[in-house]
Structures are given as C-alpha cells and as structure tokens.
Amino acid sequence: MEKNKRNSDFLHIGNKLLKWYDKNARDLPFRKTKDPYKIWICEIVFQQTRIAQGLNHYNNFIERFPDVKTLAESPEDEVLLYWKGLGYYSRAINIHKASQQIINDYNGIFPSDYEDILKLKGIGKYTAAAVSSICFDGKMPAVDGNFYRVLSRIFADNFDISNSRAFNYFSELSALIMPENVGDFNQAMMDLGSEICKPKNPLCGECPVNDDCLAFSLNKISEFPVKTKKVKAQDLDLKYYFVHRNGQFLIQQRKDDFIWKKLFEFPPMISDDLNPFIKSVKTVNHKLTHKNLSIEIFNVEVDSESAWEDFIAQNNYMITDVEGSHERSFPKPLENYIQNYETVYQIF
DNA sequence: AAGTCGGGGTC
DNA sequence: GACCCAGACTT
C-alpha cells in the first residue's frame, strides 16, 4: 500500500503535468467550453471509445441536441439514431433518461454537486468526477484506464487493475500527485495516457514526468499496469430473414436486455409459407470484443402479393424502405444489407 | 465481485 | 488473435 507515501513528496509530478497540459492539450471541440451539458455528452460518447472513432458522433449529437431541453423532448429512437454504429447502446438510452431527470428533478439546470451528478442515469464515479471538476471546480479524480496506466507506471505499482477495488486504490494513489486545479489535472492525465503513456510502445522519451517514473527508471514499463482477468469471447449464432417486396422490407425493434439494445433488425424467423420465396442464403462472420458473431442471412424476395400481405397481417413487423430505414438505428453488421438494398443480389 | 455490453484501432 | 479505449449497470 501507499500509506507510507506523502503528498508533499510527489506533488511536483502533478504540477509538471499541468505545465505540460498547458502547451500540449489536444485541440478538441469540447475543450473550448465549460458547458456541463457538452462535457457530459462528450464524457459518455468517449467511454470505451477512441477520440477518432467518436468525434463525428459527438459533433452530430451536439448539433442535433444542443441542450438538455431539446434532448429531453426528443424521441428515444432518434437519440439511438445519432448513436448508430457507436456501440454500447445503453449509453444513448441512459443519456435520454438522464436528460429527463435533469428537467424533472433539477428544473432543467445541470446539477453542479458531485453527489447530484452521480444520481443521473449512466453517470458513474468517473463521469461525475470529470464533469464536476471540469465545469464546477470539483475536486474528485476522474479515475479511468488512463489513471490506472499512468499511476501504476509512475509508482511501479502492481495492484491488479481488474480487481474491483482498483478504482478506490488508484483514487488514493492519485491524491499523492493531484494539484489544486483538478479539472485540468484530470484532462492532463487523459491526454498523457492517450498521447504519451500509451498501452503499447509509450513515448517515454517525450514524457514530462519520465524523471519521476519508477517503472521507466527500472526499465519495466511493459510490466505495468498489471491486469489478470481476461475476457473470453462467446459464440453467438443469429439468423435473419431479409424479407422484401417492391423495395420494401420488414423490421422489428430489439428489447433492451441483450446486445444491440432497442436497435432495429430484420425478422429472426419466418413462417413456413414464406419458405418458397427464399432465393439465397449467406453467412457473415463478425468479430466483436466479447462475441464471435455468425449471422445467417436469408434473402427472401416475396414475389406474391397475397403471401406478402398474409405474412404482414400475421406478425407485428414494421414495413420500411431504404429511406425510412435511415431514420432508425441498425446494428453495424446489418448496415450493408440496408445501404445496398438496390444491389442486394450482389450481396447474396 | 463477476458478467455483460460494440465497434474499431493497434500491435 | 489479444488487447485496449474519457465505464456503467446488472446480478
């Protein structure tokens, strides 16, 4: 443990980081504002998401939903549409719920107290600390993967970051180097972790605190952080039926209890009456972080008016065309089949 | 305390 | 193919 370490011995590290951050902060749209709404949205967008990947989503989201009121009054499906392709879709659902919390519980004014921010849906200890420190001069460390990596290296600390107590452990460790300006300190740790103290091949030669980094001086950078738990990908086999006629096709909305929460998809099954209209089958494989995905897609061209209307009447599927589908959020692996409907035969 | 949730980049 | 990313929620 670090009970034997004193703040006064390490505070200069945090001050060096602030100085480095003043000159080297990344030029990002949400760096120019202290609007808690925008900081909140950017923190959610970039959870487990690289800046390059989420930047367009963030900009589009802010343009369409510029404030809490606009967001709260918009339908959930449209919020999901602006989250299309980002993954972790419960983030979009929770953002929408939280916006209504802010309207109902805080008169539409984003709460400034850490404990109040923490009550909002989808906001945990990290995000509450980030928003409160950046926007309201809060003093909580925004402990994330960057904190784990930077701190474990500076102190050559082998505490297992997959341990559920890692958040508290590294919160205490960060207190040793945390200066008065916590908002800039939190962002400095993010930028250092992303630009310099990277997971692989960190740029230690350019690091402003390499003189203070114990792992670097021991030439053991690659040994930190320690992480024991591995996530094993599970196999998931899906079947979808691309049932279409005259440019229209059938879709339904998923539940919120599994992968692709509340996103739209093709029917996962059909009645035997439609079997004669199956023209072709194709299997596509996708590698997700936690899933090995195999999707069997059936091309079902219904060239019978009566069969089409009978099937629709018997089920609750929605009918759409390519234009209409653009107003809904589909899982990434299904996007191709919608975008290229005109050339669907080339796909199959 | 352990599982689950996407998609994409990097090595 | 394994690991990681401005984590939070459920069980």
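So that the names make sense, note that chain A is the first sequence line, chain B the second, and so on, each numbered from 1.
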ask   = Does one side chain, of A:Asp157 or A:Tyr169, offer a donor that lies under 3.5 Å from an acceptor on the other?
value = yes
ask   = For the pair made of CG in A:Asn56 and P in B:dG7, what is the distance, rounded to whole Å?
value = 17 Å
query = Counting side-chain heavy atoms from CB outward, which of C:dA6, B:dG9, B:dG6 is closest to A:Arg31?
reply = C:dA6
message = For B:dG6 and A:Lys287 - does any side-chain N or O of the residue sit under 4.0 Å from the phosphate oxygens OP1/OP2?
response = no
task = Find which nucleotide of DNA chain B each of A:Lys229 and A:Asn201 is nearest to by heavy atoms, and output the residue with the more 5' nucleotide.
result = A:Lys229
inquiry  = Measuring only the P atom in each nucleotide, how far is C:dA6 from B:dT10? A whole number of Å is fine.
reply    = 13 Å
key: Parallel, tilted or perpendicular: ring planes of A:Phe266 versus A:Phe249, cut at 30 and 60 degrees   = perpendicular
ask   = When you measure from the side chain of A:Glu43, which nucleotide among C:dA6, B:dG9, B:dG7 comes out closest?
value = C:dA6
inquiry  = Return whichever of A:Arg50 or A:Val143 has its heavy-atom-nearest nucleotide of DNA chain C closer to the 5' end.
reply    = A:Arg50
message = Under 4.0 Å, heavy atoms only, any strand: does A:Phe167 hit a base, just the sugar-phosphate, or nothing?
response = nothing
remark   = Picking from B:dG7, C:dA8, B:dC5, the nucleotide nearest the side-chain atoms of A:Lys261 would be B:dC5
note = Ranking C:dG7, B:dA1, B:dT4 by distance to the side chain of A:Gln234, first place goes to B:dT4
query = Considering only the C1' atoms, how many Å lie between C:dC3 and B:dG6, rounded to the nearest integer?
reply = 15 Å
A:Lys200 NZ - C:dC4 C1' separation (whole Å) = 9 Å
query = Is any side-chain N or O of A:Tyr89 closer than 4.0 Å to OP1 or OP2 of B:dG7?
reply = yes
task = For the side chain of A:Ile51, starting at C-beta, report the closest nucleotide among C:dC4, C:dA6, B:dG6.
result = C:dA6
ask   = Base, sugar-phosphate, or nothing for A:Gly54, non-hydrogen atoms under 4.0 angstrom?
value = nothing
task = Using whole Å, report how far CH2 of A:Trp40 lies from C1' of C:dG7.
result = 16 Å
key: N/O donor-acceptor pair, side chain A:Thr49 with base B:dG6, under 3.5 angstrom   = yes
ask   = Between the side chains of A:Gln252 and A:Asn315, does any donor sit under 3.5 Å from an acceptor?
value = no
request  = Report the nucleotide, chosen from B:dG7, B:dG6, C:dA8, that has the shortest atom-to-atom distance to any side-chain atom of A:Gln53.
outcome  = B:dG7
query = Does A:Lys230 place a side-chain N or O at less than 4.0 Å from the phosphate oxygens OP1/OP2 of C:dC3?
reply = yes
task = Can you tell me the distance, in whole Å, between the CG atom of A:Leu80 and the C1' atom of B:dG7?
result = 16 Å
request  = Indicate yes or no: does A:Asp116 engage A:Lys119 in a salt bridge with an N to O separation below 4.0 Å.
outcome  = yes
message = Counting the atoms with a prime plus P, OP1 and OP2 as sugar-phosphate, which does A:Asn146 contact under 4.0 Å by heavy atoms, base, sugar-phosphate, or nothing?
response = sugar-phosphate
request  = Measure from CG on A:Asp257 to P on C:dT11 and round the result to the nearest Å.
outcome  = 10 Å
remark   = Picking from B:dG7, C:dA8, B:dC5, the nucleotide nearest the side-chain atoms of A:Gln47 would be C:dA8
request  = For A:Leu86, answer base if it contacts any base atom (sugar-phosphate contacts may also be present), sugar-phosphate if it contacts only those atoms, and nothing otherwise; contact means non-hydrogen atoms under 4.0 Å.
outcome  = base
message = Distance check needed: C:dC4 C1' versus A:Arg149 CZ, whole Å only.
response = 8 Å
ask   = Any ion pair linking A:Arg245 and A:Glu305 (charged N to carboxylate O, less than 4.0 Å)?
value = yes
key: C1'-based separation of C:dC5 from B:dC5 [nearest Å]   = 14 Å
ask   = Using the rule for Phe, Tyr, His and the six-membered ring of Trp, do A:His290 and B:dT4 stack at under 5.5 Å and under 30°?
value = no
inquiry  = Which nucleotide wins on minimum distance to the side chain of A:Pro199, given the candidates C:dC5, B:dG6, C:dA6?
reply    = C:dC5
task = Would you state whether a donor and an acceptor, one from the side chain of A:Arg91 and one from the base of B:dC5, lie under 3.5 Å apart?
result = no
query = Rounded to the Å, how far apart are A:Lys121 NZ and B:dC5 P?
reply = 20 Å
request  = Assign each of A:Ala52 and A:Val231 to its nearest nucleotide of DNA chain B by heavy atoms, then name whichever residue's nucleotide is nearer the 5' end.
outcome  = A:Val231
task = Whole angstrom is fine here: how far is it from CG in A:Asp144 over to P in C:dA8?
result = 9 Å
query = So does A:Asp137 pair up with A:Lys139, basic N to acidic O under 4.0 Å?
reply = yes
task = Please work out which of the three classes, parallel, tilted or perpendicular, describes the rings of A:Phe264 and A:Phe330, given edges at 30° and 60°.
result = tilted
query = Which nucleotide, B:dC11, B:dC5, B:dG7, lies nearest any side-chain atom of A:Lys291?
reply = B:dC5
ask   = With a 4.5 Å heavy-atom cut-off, do A:Glu265 and A:Leu238 have their side chains touching?
value = no
inquiry  = Counting distance alone, no hydrogens or angles: does the base of B:dG8 have a donor or acceptor under 3.5 Å from a partner atom on the side chain of A:Thr289?
reply    = yes
ask   = Which of these nucleotides, C:dA8, C:dC5, C:dA6, is closest to any side-chain atom of A:Thr127?
value = C:dA8
